[in-house]
Amino acid sequence: MPPPREHHQPQEEEDDDDTAGVVKLISAEGFEFVVDKKAAMVSNTLRNMLTSPGGFSETRQGEVRFPEIPTHILEKICQYFYWSLHYSSGKETAEFQIEPEITLELMMAANYLDT
């Protein structure tokens with residue numbers, strides 16, 4: 001008599017990679033920046049918003065509104081996210097250019113975003 005066959009339920013693949021996909025960052029003026037989620041995760045604040053199990057709208061919708069961050073500052077922050085990903089290994093280095101006239105606004109936004 002053959003041994004009993006085990007019946008395996010098909011398992012859904014779990015997406016352990018919380019950084020897959022894109023996220024939409026929306027400035028005070030309503031301009032939308034669509035960035036890789038991996039890049040957005042450079043910010044600890046965004047990481048918490050997008051991965052928290054609390055059912056936040058940011059987690060469900062994949063978009064975050066910044067009513068206090070103007071477009072030109074959010075654009076520079078998005079550039080920094082990609083710059084940081086590229087140079088985080090430390091194998092190569094490059095200076096991230098910041099225009100002096102936006103330094104204060106950029107520092108305030110970076111502080112909020114924990115970047």
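Throughout, numbering of the chain's residues begins at 1 and tracks the sequence.
Interatomic distance, Thr115 OG1 to Met107 CE, rounded to the nearest 0.5 Å: 13.0 Å. Rounded to the nearest 0.5 Å, atoms CZ (Arg47) and CE (Met41) are 5.5 Å apart.
A ring-centre distance under 6.0 Å is not found for Tyr82 and Tyr80.
Using a distance-only test at 3.5 Å, with no hydrogens or angles considered, no donor-acceptor pair links the side chain of Arg65 to the main chain of Ile26.
Inter-residue side-chain proximity for Lys24 and Gln61 is flagged as unmet; no heavy-atom pair is nearer than 4.5 Å. The side-chain heavy atoms of Val64 and Leu50, taken from C-beta on, include a pair separated by under 4.5 Å. Within the 4.5 Å cutoff, the side chain of Ser27 has no heavy atoms near those of the Ile69 side chain. Ile73 places none of its side-chain heavy atoms less than 4.5 Å from the side chain of Phe66.
Note on Ile98: it clusters hydrophobically with Phe81, by side-chain heavy-atom contacts below 4.5 Å among ILVMFWY residues. Hydrophobic cluster membership is shared by Phe31 and Val23, with clusters built from Ile, Leu, Val, Met, Phe, Trp and Tyr side chains linked at under 4.5 angstrom. When hydrophobic clusters are built by joining Ile, Leu, Val, Met, Phe, Trp and Tyr residues whose side-chain heavy atoms come closer than 4.5 Å, directly or via intermediates, Tyr87 is grouped together with Ile77.
With Phe96 as the aromatic partner, Lys76 meets the cation-pi criteria of under 6.0 angstrom to the ring centre and within 45 degrees of the ring axis.
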Between Phe33 and Glu75, does a side-chain contact (heavy atoms from CB on, under 4.5 Å) hold up when you go through it step by step? CA-CA 8 Å; Phe33 295 90; Glu75 179 180 23; 3.6 Å; yes
Check step by step if side-chain contact (heavy atoms from CB on, under 4.5 Å) holds for Leu25 and Leu46. CA-CA 10 Å; Leu25 308 179; Leu46 287 174; 4.1 Å; yes
Test side-chain contact (heavy atoms from CB on, under 4.5 Å) applied to His72 and Glu105, step by step: CA-CA 10 Å; His72 69 286; Glu105 279 184 290; 3.2 Å; yes
One pair to check against side-chain contact (heavy atoms from CB on, under 4.5 Å): Met108 and Glu68. What are the steps and the verdict? CA-CA 10 Å; Met108 290 170 35; Glu68 301 296 322; over 6 Å; no
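Applying the 6.0 Å contact sphere to OH of Tyr112 captures no more than 12 heavy atoms from other residues, nucleotides or ligands. Counting non-hydrogen atoms of neighbouring residues, nucleotides and ligands closer than 6.0 angstrom, the CD atom of Glu29 exceeds 12 such neighbours.
In this structure, Leu85 and Ala39 approach most closely via the heavy-atom pair CD1-CA, 3.4 Å.
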